[in-house]
Amino acid sequence: MSLHRGENLEFNKSEAFFKAAQDFIPGGVNSPVRAFKSVGRQPVFYERSKGSRVWDIDGNEFIDFVGSWGPMILGHTPDAILDRVKEQIGKGTSFGAPTILEVEMAEAIVKAVPGVEMVRMVSSGTEATMSAIRLARGHTKREKFIKFEGGYHGHSDSLLVAAGSGVVTLGIPSCPGVTEGTAQDTIVVPYNDIEAVKAAFAANPEKIAAIIVEPVAGNMGVVPPKPGFLEGLRKVCDEHQTVLIFDEVITGFRLGLGGAQGRYGVTPDLTTMGKIIGGGFPVGAFGGKRSIMEELAPIGPVYQAGTLSGNPIAMAAGLALLEELSKPGVYEELERKGAYLESGLREVASDAGKATVLTRVGSMMTVFFTDAPEVVDWTTAATSDTEMYAAYFGQMLDQGFTIAPSQFEALFVSAAHTDEDLDAFVEAAAIALKVL
Ligand SMILES: *Cc1c(COP(=O)(O)O)cnc(C)c1O
């Protein structure tokens, strides 16, 4: 049963605070897609969360499928994390000196992720990818790198070129402030197109330091890799002594303890992570082959640093989360729930006669409103009817369900979603799709 079917929720307090926020914060938000601009709504201000639910400042309750954009794989505010964080807060919140927690975190990541022999913690996914690119350039002594159209790797200058997520949602083709010189070193090719990758290598012999790829794209909506694509990237990188970077900021610990690389059996040279490994606190990490990682300062010449890197509260939260994820059956359940929701949504989309493409890998999925036969890259993702998505978003919000305020993002199922939550979502989607 859906929560608020048939009655429109009121958002009076959220609207008032959004108005006030715009006086003090650009656009009223600290990250652009939160503004709900592309879906024509006003942002909802949250107050608290637990399990599959979030509550806003007007007292509305929602079943949440955003999960803070990925980190909340166990659901919101799990007791296991809360307890560890409370314990750590009593001991100290930042030392700027090593702690045992950092060693435990590094060991947990190295044991779980096939391509990671050493790891360094940072405070965001943006920092992780930016640092991985610098390290790859330092290692190869080359300057250019390849990224894929619609791939999002945080907001550092060289990675903003043809980026996904909020960049495409807001229709920003090239970002003012990113210099031409910087953009020239970023080679952009279509996702899932290994021939285009090979052509880029042919056009730039011995110049390409790295390929950075989301092994399952999540920031143009979910786009799975075609069979052979990741293997093809591995092969090309081996042939050209180029560093293969898997950006697993979303997929790390989401698609299994080994991330996408564990799932697909392709091992990159460097891996970037974030989101889940912080358990809801600001965290990122980059790691990989020992021979490359040892080029980082203080042992090597590639400089990288951070005042709050490996912050003890974030480490405590992340470790507690990784422990929970290591328990038997967690990923099997996430897979089952993902498949369950997918089949429900497929049914209602077909009943409603709406042209959609549904993509899913494990607990991440996207319903694209498109009559394209499949979505394999940015060009096909971009055929989606974003106005229809906006209407769908609004219908779902008014029925008490939160999904990403953009067509070009993932929907996340968490361990806290019950089958009843998923049934309710499908019921609400059936209503939403009929009125679109
Ligand atoms: C979210 C994301 C980032 C950026 O992480 P932040 O913590 O937001 O800086 C980088 N890469 C991918 C694939 C992401 O989804």
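Order of listing sets the numbers, starting from 1, for every ligand and every atom in it.
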Pick out the protein N or O atoms lying less than 3.5 Å from any N or O of ligand 1, and list each pair with its distance.
unit_1: ligand 1; atom_1: 5 (O); unit_2: G125; atom_2: N; d: 3.4
unit_1: ligand 1; atom_1: 7 (O); unit_2: G125; atom_2: N; d: 2.8
unit_1: ligand 1; atom_1: 9 (O); unit_2: G125; atom_2: N; d: 3.4
unit_1: ligand 1; atom_1: 9 (O); unit_2: T126; atom_2: N; d: 2.8
unit_1: ligand 1; atom_1: 9 (O); unit_2: T126; atom_2: OG1; d: 2.6
unit_1: ligand 1; atom_1: 11 (N); unit_2: Y152; atom_2: O; d: 3.3
unit_1: ligand 1; atom_1: 11 (N); unit_2: D247; atom_2: OD1; d: 3.4
unit_1: ligand 1; atom_1: 11 (N); unit_2: D247; atom_2: OD2; d: 2.7
unit_1: ligand 1; atom_1: 15 (O); unit_2: N219; atom_2: ND2; d: 3.1
unit_1: ligand 1; atom_1: 15 (O); unit_2: K275; atom_2: NZ; d: 2.6

Salt bridge flag under 4.0 Å for residues [X] and [Y]:
| X | Y | value |
| --- | --- | --- |
| E323 | R84 | yes |
| R346 | E342 | yes |
| D193 | K198 | no |

message: Would the distance check show the side chain of D83 and the main-chain N or O of K86 forming a donor-acceptor pair, the cut-off being under 3.5 Å?
response: no

Geometric class of the F425/F65 ring pair [parallel <30°, tilted 30-60°, perpendicular >60°]: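 Ring orientation, 0 to 90° scale: tilted.
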
message: Assess the residue pair R48 and D56 against the criterion (salt bridge (charged side-chain N to carboxylate O under 4.0 Å, His left out)); give the C-alpha distance rounded to whole Å, side-chain angles, the decisive distance to 0.1 Å, and a yes or no.
response: CA-CA 7 Å; R48 65 196 169 89; D56 72 7; over 6 Å; no

